[in-house]
Amino acid sequence: MRRLIITDSCVGCTRCIPYCPSGAISIGKDRKAHIDRYKCIECAVCFNNANCPVSAIELEELGWPRSVREVFATVYKEHKETNVPGRGTEEMKTNDVTGRFKPGEIGFSIDMGRPGVGVDLKDAEKVTMALARLGVEFEPLNPLTFLMSDKRTGKLRDDVLNERVHSCIPEFKIREDQFPQVFEALQKVSKEINTVFSPGLCVKTNPDGTVPILRYLDQKKIFYRPNGKTNVGLGKPAAKF
Ligand code: SF4
Ligand code: SF4
């Protein structure tokens, strides 16, 4: 679906402006609302919530590749563009069932962009390519992985590189000994991109209750916030993992 304001019927009341999480709506010299097509992440919040008094906000069909914006802004349904729901992280949160991350491995999720900030997929590609050079294993059930034309290099499809999305989450896993290299690569690439990002790590605790990696983070004086997650009663890891 494509979101736009029909300027002919708009009366310039400004009601829709604060609803836009991307600051994409402004009133033009013609005193009507306009959408900045670059900033708009196709979330439909303006259409669904602003309650335009003259129904000037309408939906039209969105074509590829712009439809990718809607995929990353609508996290609860499976999309034909990526074949997976949401933006990622489900795999990390369900490790007690899937067993994807084993002792000695670290699962990563790099939360890129936020409401009001957004992320250009060109910037997401800088991150995935920097990680791919270190031989990380990208999570296949992640919409960003689906958009890669080459998972070995982390290169995204050329036709989506001009798209901007609400947020996206490169997900991958590494061996514990790769951690310093990966962390340094993330610190370096963070200076080359124009958005915010926050790395999330998933590790299994050691038998003595200590948590791998924390000593390294402490040594480097890197701020972290430990979280535990227990999905009670969800069972053992499936045999295929
Ligand atoms: S709410 Fe409707 S009429 Fe008011 S500025 Fe937005 S589009 Fe125009
Ligand atoms: S679809 Fe979302 S980002 Fe685009 S103008 Fe409407 S509220 Fe803003």
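Whatever order the structure lists ligands and atoms in, that order sets their numbers, starting from 1.
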> Quick one: which ligand 2 atoms are inside 4.0 Å of a heavy atom on A44?
Replying inline: 1 (S), 2 (Fe)

> By number and element, which atoms of ligand 2 are closer than 4.0 Å to a non-hydrogen atom of P21?
Replying inline: 7 (S)

>> Taking 4.0 Å as the limit for heavy-atom contacts, which would you say applies to I57 with ligand 2: side chain only, backbone only, both, or neither?
In response: neither

>> Out of T14, I25, I17, V11, who is nearest to atom 5 (S) of ligand 1 when you count heavy atoms only?
In response: T14

>> Tell me whether the rings of F138 and F172 are parallel (<30°), tilted (30 to 60°) or perpendicular (>60°).
In response: perpendicular

>> Does any part of the side chain of D159, heavy atoms only, come nearer than 4.5 Å to the side chain of W64, both counted from C-beta?
In response: yes

> For A50, is the nearest heavy atom under 4.0 Å from an atom of ligand 2?
Replying inline: no

> So, is C10 placed with an N/O/S atom under 2.8 Å from atom 4 (Fe) of ligand 1, counting both backbone and side chain?
Replying inline: no

> Do Y38 and N162 meet the criterion of a side-chain donor-acceptor pair at a distance under 3.5 Å?
Replying inline: no

>> Judged on heavy-atom distance to atom 8 (Fe) of ligand 2, which of G23, C20, C16 sits nearest?
In response: C20

> Does any N, O or S atom in C43 come within less than 2.8 Å of atom 4 (Fe) of ligand 2?
Replying inline: no

> Can you list the ligand 1 atoms lying under 4.0 Å from a non-hydrogen atom of V54?
Replying inline: 3 (S)

